[in-house]
Amino acid sequence: MAAGGAGDREGWCGPAAGGLALLGPAPGAPSCPHGPALLFVKTSQGKEEGRRFYACSACRDRKDCNFFQWEDEKVSETRLAAREEYNRNHQPFFTHRQNVERLHEIIQSKASQEEDFKVRSLLLDIDFRYSQFYTEDEFCHYNMFNHYFFGGEAARETCRKFLYQDNGERVIMVTDPPFGGLVEALASSFKKLMAMWKEAEGGGHNSQEMPTFWIFPYFFESRILEFFPSFSMMDYQVDYDNHALYKHGKTGRRQSPVRIFTNLTPSMIVLPVEEGYRFCTICQRYVSSGNQHCEMCNSCTSKDGRQWKHCVLCKKCVKPSWFHCNNCNCCALRNHTCEKTDAGCFVCGKAGHKRSTCPSLSHARTACQADKKQKQKTLKRIRVGVRRRSAMKHAVFFRKKVKNKKKKM
């Protein structure tokens, strides 16, 4: 089963950080063209601040979907009817990347050409235009951020039948979500798909997880393992031919940060030796050639393909460009700032308030506004004076012209 991407979404913070926290899908949540909206709340130092609100699950940019509604907002029947009509007429037609879609296309192509090829696939994607190329048994219009099937119970049943084939045996989910997507929302949807797989008749999957390949950047490892502790990150670097940054070559980054997270046993996955991967007999898995085994950590610790170094004081391996700072008592970049100040205002540096409510900024704004008003008044006076002088010149010139005409007569 292949789960395709949706529109990019980034900038949302976790509950412990300042910003916006995802509270998850709520019962009876309002809907936008991308399905049921998600519930968010503003946070500061891990505490809720402000009113809760609903926003689109799939779109980051308000230009793509400007849906917004307060949690306690009362919506009239007329507005609800207009919203439902709008949702019906604005089906989402964007997609993220083409890895999963390309995999699905290859499987479908081989299945149609080779009779002995018994692999089948089901594409779940938010782009409804795939329905023009695939049958109902090959594609489901789906939003992976809120586990919403646009086709209703019929599409859900299609997915359920696919997972139930052969009692759920030999099923694997390959998902390539947008890098800015909310890990919490994605994990929630993936767990619901896994729950559907567990319901397969006679499958006996009560203590197992559906085999999964989750393609995502390596710096999200801690977040993914928070929701799926059984997952591990492979060293294989995923490249994109149509991406400016995540591809090999002179115009892109030297190494792609995209990896594959899976709950399969690492020793089962063989990586190509000709592309620079080797098998570590101690870790019992394939790793990058630059990922050397650390005897102190008893693991191949590199995350980005480079050889990391072990810090005795930190008791772990760190990036080669990091150095141990005695002031911070941890490893960091050489030119980092050591001051450990509490998160506060970006203007004055004091805690207890943010930039938007900073007294210094408000005074500066007042002075700036006063100065701006004074400049506007001065410019207005100058413009009025120029207009008056110009009008007088035209009037004098016109009078002189008339007098000259009279003299000629």
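Here the structure is a predicted model, which is why all the values come from computation and not from measurement. Basis for what follows: all heavy atoms, side chains included, without hydrogens, waters or symmetry-related copies.
Under the rule for a side chain to side chain contact (heavy atoms under 4.5 Å, CB included), the partners of Glu226 that lie at least two apart in sequence or sit in another chain are Arg223. Taking Tyr277 as the reference, Tyr236 meet the ring-ring contact (aromatic ring centres under 6.0 Å, His included) condition, with sequence neighbours excluded. The ring-ring contact (aromatic ring centres under 6.0 Å, His included) search around Phe228 returns Phe231, not counting sequence neighbours. With sequence neighbours left out, Arg285 forms a salt bridge (Lys or Arg N to Asp or Glu O under 4.0 Å) with Asp235. For Pro36, the side chain to side chain contact (heavy atoms under 4.5 Å, CB included) partners are Ser31, Asn146, Tyr148, not counting sequence neighbours. Listed by chain and number, the residues in a ring-ring contact (aromatic ring centres under 6.0 Å, His included) with Tyr218 amount to none (sequence neighbours excluded). For Tyr286, the ring-ring contact (aromatic ring centres under 6.0 Å, His included) partners at least two apart in sequence or on another chain are Phe279. Checked against side chain to side chain donor-acceptor pair (under 3.5 Å), Asp72 has the following partners two or more places apart in sequence or in another chain: Arg51. Not counting sequence neighbours, the partners of Ser230 by the side chain to side chain donor-acceptor pair (under 3.5 Å) test are Glu209. Every residue two or more places apart in sequence or in another chain that forms a side chain to side chain contact (heavy atoms under 4.5 Å, CB included) with Lys316 is listed here: Cys314, Val318. Under the rule for a side chain to side chain contact (heavy atoms under 4.5 Å, CB included), the partners of Asp137 that lie at least two apart in sequence or sit in another chain are Thr135, Thr158.
For residues 297-330, no residue pair satisfies the ring-ring contact (aromatic ring centres under 6.0 Å, His included) rule, not counting sequence neighbours.
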